[in-house]
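Data block below; observations after.
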Amino acid sequence: MNQPNIVIVDYGVGNTYSVMNAIKALGYRKIKVSAFETDIAAAEALILPGVGAFEACAQNLRERHLDTILNEVVLVKKKPILGICVGMQLMSTMSEENGEHSGLNWIPGRVVRLDPSVNYAVPHVGWNDIKGLQSDMLFSRITEFANFYFDHSYHYQCEESYVIAHCDYGMKVTAAIARENIYGVQFHPEKSQNNGLKLLRSFFNAVDLC
Amino acid sequence: MLKRRIIATLVVKDGIVVQSIGFKKYLPVGQPAIAVEFLNQWGIDEIILLDISASRNGHAPDFAMVRSASFHSRVPLTVGGGITRIEHIMELMHCGADKVALNQAALFKPELLTEAAHQFGDQCIVASIDSLLTEAGHRVYDYRKSKVLNQKPMELAAQLQELGSGEILINSVDRDGSYLGFDIELIDSVCSMVTVPVICSGGAGNVHHFLEVFLQTHASAASAANFFHFSEHSVTTIKAQISLHFPVRHETWFNYQGTRFDDNGRLIKKEDSELEDMLFLRIEKEVI
């Protein structure tokens with residue numbers, strides 16, 4: 001098993017310990033939770049964890065100069081990165097959560113509030129099955145319509161060509177996006193038991209290929 | 001399609017998981033970390049860890065306990081008890097919590113709830129309401145002072161949603177540990193007032209209680225504590241039975257499909273003739 005240098009980007013908010021526990025459970029040993037440029041530059045795979053309001057997250061990223069550091073590592077050096085929940089939403093052009101705030105603009109799109117038909121509660125909380133693009137390496141170990149844990153009030157709207165999975169919640173919700181070395185999932189793989197672990201394994205297995 | 005959630009609540013007192021009866025009597029069950037590990041293996045959908053001694057003793061959350069309990073949790077973990085500052089929430093997120101439950105803050109420090117929702121997002125904030133059935137109807141109950149407040153749970157729920165809660169956890173104090181079933185009237189009243197998901201708690205004693213609450217209310221999740229500790233194979237057996245009526249996540253080999261249960265939802269032993277004809281299937285351990 002290859003042991004890539006994994007860095008979980010620490011931007012203050014985010015369930016970093018949960019993400020680290022899940023990755024450790026897969027047997028990876030070189031994991032760091034860090035906001036330092038040297039660690040991030042040395043990473044072979046990056047995780048941008050979730051749980052947080054967009055505004056606070058985007059602000060924290062900028063205060064720690066993580067936007068510049070990540071732009072270099074992700075856009076220029078093309079290191080693989082997986083954004084989880086709000087970590088994925090940060091990759092957008094802009095979000096409407098608590099007013100308009102701009103994101104990293106890696107995958108053009110807008111993050112808007114969920115607006116399902118009546119009888120659907122917002123936030124969208126719980127286990128939902130996703131319809132993933134089977135050909136994508138991220139879903140190579142997962143059966144069609146596998147369950148993942150969702151917990152969000154806002155969702156990513158972008159061009160269909162970037163969407164690699166969606167789920168149904170009284171409306172079509174973007175569940176996963178990809179563009180070259182950049183991956184984002186709206187659900188929480190670190191909290192989705194075996195399906196989540198399989199997805200993380202696929203992501204890290206692909207590190208060599210990038 | 002979104003699945004109905006089956007949640008286990010672990011009530012922790014002085015670092016030990018306890019069985020709670022009516023918020024008055026407590027019997028020890030065991031270590032939080034072991035309970036979390038087992039519930040995970042049985043395929044629970046979510047775990048709520050409530051430390052009832054922290055607030056009572058005026059302590060901050062027991063971070064070391066949360067850290068050790070969360071280690072084996074591959075499902076979402078909501079942590080409550082002793083949270084009085086935004087820094088507590090931040091530290092809990094670094095100890096393995098995925099959401100936080102606010103009870104005393106929901107009653108007496110609503111600005112903390114709003115600020116937390118602003119920083120961590122409303123989806124991260126669960127407002128926990130305790131309700132006691134009085135002669136005047138359901139009333140909010142302050143467990144810390146053991147005092148009934150003159151407010152209806154449904155009204156408080158609506159207020160807490162306005163303040164930024166992403167979920168409401170409604171606990172029935174009088175049904176707690178009673179095995180009499182969920183308080184349908186209470187849960188229905190809360191569900192009718194909010195648009196955020198509602199988790200109901202208190203009174204689960206068998207599978208019919210779960211079916212009843214899903215059938216008669218819009219609760220998005222049903223939670224139980226003692227039921228999961230003291231009934232064998234409880235998580236998978238109730239999921240097997242609920243899955244016949246409602247969508248639930250039930251992705252295990254030991255799914256009990258085609259198995260018979262008695263009126264209390266307990267497994268009935270198969271007939272000897274049936275056992276004789278059974279073919280055993282070898283299941284290789286899944287390598288992820």
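Each chain gets a letter, A, B and so on, in the order the sequences are listed, and its residues count up from 1. Remember, predicted model here, so these are calculated numbers, not experimental data.
- For chain A, the nearby parts of B:Arg249 are the backbone and the side chain; heavy atoms of each come within less than 4.5 Å.
- Put simply, CD on A:Gln193 and CG on B:Asp45 are 8.0 Å apart, with the number rounded to the nearest 0.5 Å.
- Rounding to the nearest 0.5 Å places CG of A:Asp151 at 7.5 Å from CD of B:Glu46.
- The shortest non-hydrogen separation linking B:Met93 to A:Gly14 is CB-O, 3.7 Å.
- Between B:Glu251 and A:Asn194, the side chains place no donor N or O within less than 3.5 Å of an acceptor N or O (distance only, hydrogens not considered).
- Of the two parts of A:Ser192, only the backbone, made up of N, CA, C and O, holds a non-hydrogen atom closer than 4.5 Å to a non-hydrogen atom of chain B.
- Most heavy-atom pairs under 4.5 Å with chain B, from the set A:Asp168, A:Asn60, A:Leu197: that is A:Leu197.
- Of all heavy-atom pairs between A:Val125 and B:Lys99, the closest is CG1-NZ, 3.5 Å.
- Checked by atom type, the side-chain pair A:Glu55/B:His118 shows a donor-acceptor distance below 3.5 Å.
- Only the backbone of B:Ala117 comes within contact range of chain A, judged by heavy atoms closer than 4.5 Å.
- When all heavy atoms of A:Tyr17 and B:Arg67 are compared, the closest pair comes out as CE1-NH1, 3.3 Å.
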Pair B:Ile288-A:Leu26, side-chain contact (heavy atoms from CB on, under 4.5 Å): steps then yes or no: CA-CA 8 Å; B:Ile288 295 173; A:Leu26 287 168; 3.8 Å; yes
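- For chain B, the option among A:Val13, A:Asn119, A:Asn15, A:Asn147 with the highest count of heavy-atom pairs below 4.5 Å is A:Asn147.
- Of the listed residues (A:Gly50, A:Ala121, A:Ala56), the one with the most heavy-atom contacts under 4.5 Å to chain B is A:Ala121.
- At a 4.5 Å heavy-atom cutoff, B:Arg4 makes no contact with chain A through either its backbone or its side chain.
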